[in-house]
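See below for the structure under consideration.
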Amino acid sequence: MPELPEIMSRAGEMKRALVGKTIADIEVLQPKCLNVTVKAFRRGLIEARLLDVTCRGKWLFVETTQGWLLINLGMGGEILLARRGALPKKRRLIVDFDDGTCLILNFWWFGYAHYAPHDKLGKHAMTAKLGPNALSITARELNEIVKGRRGAIKSLLLDQTRIAGIGNAYIHDILFMARLHPLRKMHTLNEREIEALAKAIEKGLRPSAGKGGAFYEVNLYGKPGRFKARDILIGYKEGKACPACGTRIEKIKTGSTSTFICPTCQPLKLGKRKRKK
DNA sequence: CGGGCTGTTGACTC
DNA sequence: AGAGTCAACAGCCC
């Protein structure tokens, strides 16, 4: 499940590998991943030269001389660089370049490959509403985002219009490092806790971003990320000992998703006074 | 073999 | 505002 560390890594790889190339052809095997017709998509991007690749949250922004290619991998999938003669089996969209290489998009369940002309990028609703990147938010900004809201902190962290890039894989360790229960209400958070959360977002995403993403995702060349299972503190480690206190890690339902927590380190009821002195 | 689970997002309802 | 539900339909696990 690609989240900010993976998408940042893919953006860097794509920038290094693709800038300067010109799109020669596009083959769409799954038209429903587009926001326009196959014809309009091809007309928009064929003959475009790639200028830059960046990301905002889980979206890749490929800037070309003819507008933007916007990619979201949804619940999973790969972006691979290959040659026309040696394509991977699974593929839903193929972008051919003028030098015989091609970019293959595969979505596990579904994903998006959208086209926006230069002057329509601001009208692309799914990206226009994105909040600031999770790795560029300061404690002060986080405080502003949290202020006046009443919902659970987990739903805020996953709300891409407030904070872009966190998904349900990295969130377990972020909440654990902030010592916050996922269902804590935002209006009960004090300044110290918000500051801890801002630090935890950084600590939860930056190491993986520096290692090319998580081990369960592959890069443009098919190589898995170097952020390993042992680098994860409590996510997906139900029944194992909490690294901070030894309590058994639990998996709890939080709305329609689950969260792994340490019930000792992340109590839901915030005692006004700490027990034990 | 089959049922349950999992990730993202928008649309929709209450 | 926010919580809940659903739909899109692959692949792994038991």
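Lettering of chains follows the sequences in order, A, B, ..., and the numbering in each one begins at 1. Computation of the quantities below employed the complete heavy-atom set of this structure, encompassing side-chain atoms and omitting hydrogens, waters and symmetry-equivalent molecules.
Smallest separation of non-hydrogen atoms from A/Lys185 and A/Arg150: CD-O, 3.3 Å. In plain terms, the two heavy atoms of A/His181 and A/Leu268 that are nearest each other are ND1-CD1, 3.5 Å. Heavy atoms only, all atoms of each residue included: A/Leu189 and A/Val146 are closest at CD1-CG1, 4.4 Å. In this structure, A/Ser208 and A/Ala214 approach most closely via the heavy-atom pair OG-N, 3.6 Å. Of all non-hydrogen atoms in A/Ala164 and A/Leu4, the two that sit nearest each other are O-CD2, 4.0 Å. Considering every non-hydrogen atom in both A/Thr247 and A/Cys262, the closest pair reads CB-SG, 4.0 Å.
Listed by first then second residue, pairs satisfying salt bridge (Lys or Arg N to Asp or Glu O under 4.0 Å) with a partner in residues 94-106 of chain A read A/Lys21-A/Asp99, A/Arg84-A/Asp96, not counting sequence neighbours. Judged as a side chain to side chain donor-acceptor pair (under 3.5 Å), the pairs with a partner in residues 6-19 of chain A (not counting sequence neighbours) are, in order, A/Glu6-A/Tyr170, A/Arg10-A/Glu13, A/Lys15-A/Asp52. Annotation: side chain to side chain donor-acceptor pair (under 3.5 Å) contacts involving residues 34-50 of chain A, sequence neighbours excluded, comprise A/Asp25-A/Arg42.
Rounded to whole Å, atom P of B/dA11 lies 13 Å from atom CG of A/Asn35. Atom P of nucleotide B/dT8 and atom CG of A/Leu60 are separated by 15 Å, given to the nearest angstrom. In this structure, A/Ile71 atom CD1 and B/dT8 atom P are separated by 18 Å, rounded to whole Å. Following rounding to the nearest Å, A/Lys129 (NZ) and B/dA11 (C1') show an atom-to-atom distance of 10 Å. A/Arg56 places its CZ atom 13 Å from the P atom of B/dT9, with the value rounded to the nearest Å. Between the CG atom of A/Leu158 and the C1' atom of B/dT9 there is a distance of 12 Å, given to the nearest Å. Counting to the nearest Å, the C1' atom of B/dT8 and the CD atom of A/Glu3 are 10 Å from each other. As a whole-Å value, the separation of A/Leu4 CG from B/dT8 C1' is 15 Å.
Residues A/His124 and A/Trp68 place their aromatic rings such that the two centres sit no closer than 6.0 Å.
Remark: A/Tyr115 engages no residue in a ring-ring contact (aromatic ring centres under 6.0 Å, His included) (not counting sequence neighbours). For A/His172, the ring-ring contact (aromatic ring centres under 6.0 Å, His included) test picks out A/Tyr236, A/Phe260, with sequence neighbours left out.
Residue-level contact check: A/Glu217 touches neither bases nor backbone, having no heavy atom under 4.0 Å from any strand. A/Lys90 comes within 4.0 angstrom of sugar-phosphate atoms only, judged by non-hydrogen atoms across all strands, and of no base.
Side-chain N/O atoms of A/Asn168 and A/Lys154 include a donor and acceptor closer than 3.5 Å.
Near-neighbour residues of DNA chain B inside residues 165-182 of chain A, defined by a heavy atom below 4.0 Å, number-ordered: A/Gly167, A/Asn168. Interface residues of residues 149-157 of chain A facing DNA chain C, ordered by number: A/Arg149, A/Arg150, A/Gly151, A/Ala152, A/Ser155; criterion, heavy-atom separation under 4.0 Å. Within residues 106-113 of chain A, the residues having any heavy atom under 4.0 Å from DNA chain C are, by residue number, A/Trp108, A/Trp109, A/Phe110. Residues from residues 250-258 of chain A with heavy atoms under 4.0 angstrom of DNA chain B, sorted by number: A/Lys251, A/Lys253, A/Ser258.
Contact check for A/Ile194 versus A/Glu191: no side-chain heavy atoms found under the 4.5 Å cut-off.
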Problem - Worked check of side-chain contact (heavy atoms from CB on, under 4.5 Å) between A/Gln30 and A/Leu93 - result: CA-CA 7 Å; A/Gln30 188 191 48; A/Leu93 195 147; over 6 Å; no
Handout entry: Verdict with supporting geometry, A/Thr127 and A/Asn72, side-chain contact (heavy atoms from CB on, under 4.5 Å)
Key = CA-CA 10 Å; A/Thr127 55; A/Asn72 184 303; over 6 Å; no
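On the nucleic acid side, DNA chain C has its first and last nucleotide under 4.0 Å of a heavy atom of chain A at C/dG2 to C/dG11, going 5' to 3'.
Between the P atoms of C/dT5 and B/dC5, the separation comes to 14 Å (whole Å). Between B/dG10 and C/dG11, the distance separating the two C1' atoms is 24 Å to the nearest Å.
With salt bridges taken as basic N to acidic carboxylate O contacts below 4.0 Å, none links A/Arg91 and A/Glu27.
Phosphate proximity of B/dT9 to A/Asn72: present, with a side-chain N or O under 4.0 Å from OP1 or OP2.
Within the hydrophobic cluster formed by Ile, Leu, Val, Met, Phe, Trp and Tyr side chains joined at under 4.5 Å, directly or through other members, A/Val218 is accompanied by A/Leu29, A/Leu80, A/Leu87, A/Ile94, A/Ile104.
Stems are defined here as 3 or more consecutive Watson-Crick or G-U wobble pairs with pairing distances under 3.5 Å; those involving DNA chain C are B:2-6 with C:10-14, B:8-14 with C:2-8.
Follow the hydrophobic side-chain contacts under 4.5 Å out from A/Phe61 and you never reach A/Ile7; the two are in separate clusters.
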